[in-house]
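Residue numbers start from 1 in every chain, and the chains themselves are labelled A, B, ... in the order their sequence lines are given, proteins ahead of strands.
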Amino acid sequence: MAVELLKGNVALAEAAIRAGVEAYFGYPITPQTELLEHMAQRMPELGRAFVQAESELAAINMVYGAACAGARAMTSSSSPGISLMQEGFSYIAGSEVPAVVVDIMRGGPGLGNIQPSQADYFQVTRSAGHGDYHPIVLAPASVQEAIDLMVLAFDLADKYRHVVLVVADGLIGQMMEPAELPPMRPLRAERPDWALTGAQGRAPRIITSLELDAPALEEVNNRLQAKLREIREHEQRYAEQMVEDARLVVVGYGTAGRIAQTAVRQARREGMRVGLFRPITLWPFPERRLSRLADRVDAFLVVEMNAGQMLDDVRLAAGGQVPVDFYGRTGGMVPVPEEIYEAISALYRKLPDSARWGE
Amino acid sequence: MMVAETVLEEQVVYARPASLRDVPTHYCPGCTHGVAHRLVAEVLDELGIRERTIGVSPVGCAVFAYKYFNTDGCEAAHGRAPAMATGIKRVRPDMVVFTYQGDGDLAAIGTGEIIHAATRGELFTTIFINNAIYGMTGGQMAPTTLPGQYTSSSPAGRDVETAGFPIRMAEVIAGLPGAAYVARRSLHNVKEIMKAKKAIRTAFKVQLAGLGFSMVELLSACPTNWSMSPPEAMRWIEEAMVPYYPLGDFKVAEGVEALLKER
Ligand SMILES: Cc1ncc(C[n+]2csc(CCOP(=O)(O)OP(=O)(O)O)c2C)c(N)n1
Ligand code: SF4
């Protein structure tokens, strides 16, 4: 496969197609619409299912239906549409079928605007609908990574029979970058052994999230939690740079992580021992590595395009061992490297000469 | 004379359809959900499609329909069965797919989903149970509750000034080009039940022939929440519901006529 110039949204769509998505259901919303439009063109061409749904509620429930029938299915949207899909996420998680969702986040709350944002961190990582669970959440920082994570999303969804969200923002969605698409995978020939395929020569199969008996529903929850523990154990992903000797580590994901990288490099040039930690899985949050870093750095600076949401997870991982500072922009404002550099150097100046703050 | 000679050979005149499981249901005495289930099951048997059918259960009293039909099945969120059925049918056009929905499910929270599934001419069948009330949650007003009808959330009777008039869903859906067959029948006596079965049969045949969306609305009894005895409930369907919800075929698209003539 050759490197080509690709727009993020189109790259996500094409990567999903090559990963073997059989059905796409979606509703237009900026800044993800190119993804839907690409699917509208390509899916019928390939003899696969495409439906422009009447709402995001309908779209996610179509995904739910297709998934129950054993198909690799997906939808995509942006923040307000993701709010509407929360009901579906919960049912999908409760009945343990695989589903993949792309969220190209925009500024909120309410209708907000269509500028790049990371304001959905809570709504995607904390629960994604009612109940008591976390979906898997992947956060690319480039078009190439968006492609790679899109393929991974389908594999994780199938492996764990769970909801997987790929979250980016309008910047990644709209940006053109050189990237390489994976080869086309053949569509899965066999349906999974739990899928609804008609009760021919076997007992009927049922897919439901309903269990009226409390002890039995607790059992269901125990099973779900065991699965989530396994995901937590095996799927924490991150990228890091220059953390070996770092006294200050900047933590940012997606676009914010990428902009922070420029600021970190500048700080290095100025002689500051600064590193970058970029979570790739927002859930499971890469807490293991981050708490190991907390053992030896002097401070963390969290950078987000929101008012401080992942900040909670970094604080939990840091476990009170080191101070955790925050720099964020909201409302669709994208920080420039200089402002992050300023935040880095302001915090760095406060670091004590001793290896430990406060010692 | 030997006794054995006088014993007539056994003849099965009534049996459980293979498409219904041999389990007790949770429906109240006199509830016609059970009758509707049986009609659907008989049709699946007669058309020989049980083994390639996927049922989508609603949220409502029929939430456990998947436990009663002897087919593959799933449970939708409240009102979303038509979206789920769309997803299933689009990836498995070779399957027979049906939704089974109450009036709160289909005509209130799921209005958008049913209208657009019908508009797209989705090739599944909807069995719509109109019992003029929310059964499962204990008898609140439904979009189909009759003017003046007492419910726990219209204690003074449905006031059309503030709550509007009940929706005639069959007529609404019939107006959509994607709907191929839309009928309303009632379950209040044997004659009507036989007619209901024929309509259900036609609806599934429409799906099998790929002619478009099909729906049968069934006027159904909820003696529990109507605070009536089962016989009173049957009379109430006939005397109060049928005049507001006329029985008949509201949409017979091209190609369906021939199916109606079949036995
Ligand atoms: C999102 C959501 N809102 C509300 C409910 C509560 N609820 C359960 S069943 C029901 C109404 C069912 O009435 P209907 O569809 O007429 O079916 P019936 O029980 O009469 O057969 C409601 C409001 C729910 N389960 N989910
Ligand atoms: S509450 Fe009404 S609709 Fe529900 S099972 Fe009882 S009689 Fe039937």
Where is the tightest heavy-atom contact between B:Cys74 and A:Cys68, given as atom of each residue plus distance?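 Where B:Cys74 meets A:Cys68 most closely, the heavy atoms are CB-SG, 4.5 Å.
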Region of B:Ala76 that comes under 4.5 Å of a non-hydrogen atom in chain A: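 When you check distances to chain A, only backbone atoms of B:Ala76 fall under 4.5 Å.
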Report yes if the side chains of [X] and [Y] come closer than 4.5 Å at any heavy-atom pair, otherwise no.
X: A:Leu210; Y: B:Phe64; answer: yes
X: A:Glu54; Y: B:Arg120; answer: yes
X: B:Arg80; Y: A:Met62; answer: no

If we check side-chain contact (heavy atoms from CB on, under 4.5 Å) with A:Leu196, which of these qualifies: B:Val97, B:Val56, B:Ile54?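 Only one option passes, and that is B:Ile54.
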Main-chain N/O of A:Thr197 paired to B:Asp72 side chain as donor or acceptor, under 3.5 Å: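 Yes, the answer is positive, given that a donor and an acceptor are paired below the 3.5 Å cut-off.
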Main-chain N/O of B:Met84 paired with A:Asn61 side-chain donor or acceptor, under 3.5 Å: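 No; judged by distance alone, with no hydrogens or angles, the pair does not exist.
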For the atom pair [atom1] ([X]) and [atom2] ([Y]), what is the distance rounded to the nearest 0.5 Å?
X: B:Ile88; Y: A:Tyr64; atom1: CD1; atom2: OH; answer: 9.5 Å
X: A:Phe50; Y: B:Arg90; atom1: CZ; atom2: CZ; answer: 10.0 Å
X: A:Ile206; Y: B:Ser57; atom1: CD1; atom2: OG; answer: 8.0 Å

Contact origin within A:Ala199 toward chain B - heavy atom pairs under 4.5 Å: both
Which residues satisfy the salt bridge (charged side-chain N to carboxylate O under 4.0 Å, His left out) test with B:Arg21, sequence neighbours excluded?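 In terms of salt bridge (charged side-chain N to carboxylate O under 4.0 Å, His left out), with neighbours along the sequence ignored, B:Arg21 is linked to no residue.
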